[in-house]
Amino acid sequence: MEKKLRVGVVGCTGMVGQRFITLLENHPYFDLTLVAASKNSSGKTYEEAVKGRWNMKTPIPEMVKKLVVKDASDIDSIKGDVDFILCAVNMNKDEIIALEEAYAKAEIPVVSNNSAHRKTPDVPMVIPEINNSHIDVIPFQKKRLGTTKGFIAVKPNCSIQSYVPLLSPLMKFGPKKVVVSTYQAISGAGKTFESWPEMVDNVIPYIGGEEEKSEKEPLKVWGRIEDGVIKNNEDILITSQCIRVPVTDGHLATTFVTFENKPTKEEILDAWKNYKGRPQELKLHSAPRQFITYFEEDNRPQTNIDRDIEKGMGITAGRLREDSMFDYKFVGLSHNTLRGAAGGSLLLAELLFKEGYLY
């Protein structure tokens, strides 16, 4: 049996931090040994720090209730208690960049849910089933940072998880133009209906910064390592609209795509059904056994009944059909706070663990 690693959750009181904590309960690879947040929460027990704002459906795990929250900026007091951290802080971009690099330079690997480092060329931005090879850029990043063990790896934006996993098995057919609209749950903004009553019976046709992420981040996921950095894929053009809808969890995407070599519908369905990635090969703890599930029914996938497939880590698809302007159109769905946030980050940490990067 492998020795468990000690993990800290930095940004432990927010919605993603709370989700990290629920997922780490009885985890086979990692022991949660530290929780950290802003100075406002430091010094309190975790139970005290989240009193009145615990947003998970399950109770606070007993293992964390009495842990004393540390100041996330006090890295010297943290580094002896962890082997790596999961990071989900609510700060501005420059502050996050500085904080995560400070952890890495203190020889604490950072697996981040934040967006701040996604554009950093030598920071791998990974959907583990799709571009696991991008972790090979980490030695180049360590050289830049001057570290032996410390580095930063990030998970992509939740908005791309409902269509990038469906396009990736089709790369052999050469997708060229993609039009996507995402219909995104309120938990993606860290909200519930209690904290955001304006969303009840409402749709907001704008999410700040989301469309740029939806159009650009897939190009890094589909990119290649060259000269010690990740170069974006320049062969695919994506345009998007991102819309906030009154749903608790689950991001749904409608996608239109034109290929260089148009596949048949049967070839697409076969590619989805049989697609497996490195997490499935390694049988990682958080990995779905079936990465992509296709529904034949015209009214599926549905957010309320399909978002939790494979414990929220699977991708669902439906309504694949030919289009009058593009080659094909289809619908995809992912759980935004599991696959799209904490679960995706934890799966990345599991991959890094099994590939030897966290020791």
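These figures come from a predicted structure and were not determined experimentally.
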>> As an exercise, state the distance from CG of N157 to OG1 of T182, rounded to the nearest 0.5 Å.
In response: 8.5 Å
> Do the ring planes of F330 and W272 sit parallel (below 30°), tilted (30 to 60°) or perpendicular (above 60°)?
Replying inline: perpendicular
> Which distance, rounded to the nearest 0.5 Å, do you find between the CD1 of I160 and the CG of L219?
Replying inline: 9.5 Å
> What's the spacing between T258 OG1 and I236 CD1 if we round to 0.5 Å?
Replying inline: 12.0 Å
>> Do the side chains of E100 and K105 get close enough for a salt bridge, i.e. N-O under 4.0 angstrom?
In response: no
>> salt bridge (Lys or Arg N to Asp or Glu O under 4.0 Å) for K276 and E281? Distances and angles first, verdict last.
In response: CA-CA 7 Å; K276 298 182 188 301; E281 293 174 6; over 6 Å; no
>> If I take atom CH2 from residue W196 and atom CG from residue N202, how far apart are they, to the nearest 0.5 angstrom?
In response: 9.0 Å
> In terms of side-chain heavy atoms, does Q290 have a donor or acceptor partner in E310 at a distance below 3.5 Å?
Replying inline: no
> Tell me the ring-ring contact (aromatic ring centres under 6.0 Å, His included) pairs involving residues 38-84, sequence neighbours left out?
Replying inline: F30-F84
>> Would you compute the distance between atom CD1 of I309 and atom OG of S334 and round it to the nearest 0.5 angstrom?
In response: 12.0 Å
> Can you name the salt bridge (Lys or Arg N to Asp or Glu O under 4.0 Å) partners of D249, sequence neighbours left out?
Replying inline: none
> Got a second to check how far T33's OG1 is from L67's CG, nearest 0.5 Å?
Replying inline: 8.0 Å
> If you group Ile, Leu, Val, Met, Phe, Trp and Tyr whenever their side-chain heavy atoms sit less than 4.5 Å apart, what else falls in with L237?
Replying inline: none
>> Please list all pairs meeting salt bridge (Lys or Arg N to Asp or Glu O under 4.0 Å) that have one or both residues in residues 141-155, counting only residues at least two apart or in different chains.
In response: E101-R144, D122-R144
> Got more than 12 heavy atoms from elsewhere within 6.0 Å of CG, N90?
Replying inline: no
> Which salt bridge (Lys or Arg N to Asp or Glu O under 4.0 Å) pairs, counting each pair once, include a residue from residues 321-333, with sequence neighbours left out?
Replying inline: K262-E322, D323-K329
> Under a 4.5 Å side-chain heavy-atom rule over Ile, Leu, Val, Met, Phe, Trp and Tyr, are V126 and I292 clustered together?
Replying inline: no
> Other than V179, what residues sit in its cluster of Ile, Leu, Val, Met, Phe, Trp and Tyr side chains whose heavy atoms are under 4.5 Å apart, directly or through others?
Replying inline: F256, M325, F326
>> Strictly by salt bridge (Lys or Arg N to Asp or Glu O under 4.0 Å), give each pair with a member in residues 48-62 just once, sequence neighbours left out.
In response: E62-K65
> What's in the same ILVMFWY side-chain cluster as I243, cut-off under 4.5 Å, chained through other members?
Replying inline: Y183, V203, V245, V247, L252, V331, L333
> Are R300 and D306 within salt-bridge range, i.e. N to O under 4.0 Å?
Replying inline: yes
>> Run the salt bridge (Lys or Arg N to Asp or Glu O under 4.0 Å) test against D74 and tell me which residues pass, sequence neighbours left out.
In response: none
>> If hydrophobic clusters are built from ILVMFWY residues whose side chains come within less than 4.5 Å, do V7 and Y103 share one?
In response: no
>> As a quick check of understanding, evaluate salt bridge (Lys or Arg N to Asp or Glu O under 4.0 Å) for D31 and R6, giving each step before the final call.
In response: CA-CA 5 Å; D31 280 330; R6 301 168 302 161; over 6 Å; no
> E212: what forms a salt bridge (Lys or Arg N to Asp or Glu O under 4.0 Å) with it, not counting sequence neighbours?
Replying inline: K119
> Which residues satisfy the salt bridge (Lys or Arg N to Asp or Glu O under 4.0 Å) test with K93, sequence neighbours excluded?
Replying inline: none
Residues 347-359, side-chain donor-acceptor partners within the protein, below 3.5 Å, at least two apart:
from	atom 1	to	atom 2	distance (Å)
E350	OE1	H285	N	3.4
E350	OE1	S286	N	2.9
E350	OE1	S286	OG	3.4
E350	OE2	H27	NE2	2.7
E350	OE2	S286	OG	2.6
K354	NZ	E2	OE1	2.6
E355	OE2	R278	NE	2.8
E355	OE2	R278	NH2	3.3
Y357	OH	I135	O	3.4

> How close do C158 and H251 get, heavy atom to heavy atom, and via which atoms?
Replying inline: SG-NE2, 3.3 Å
> Got a salt bridge between K79 and E107, using NZ or NE/NH1/NH2 to carboxylate O under 4.0 Å?
Replying inline: no
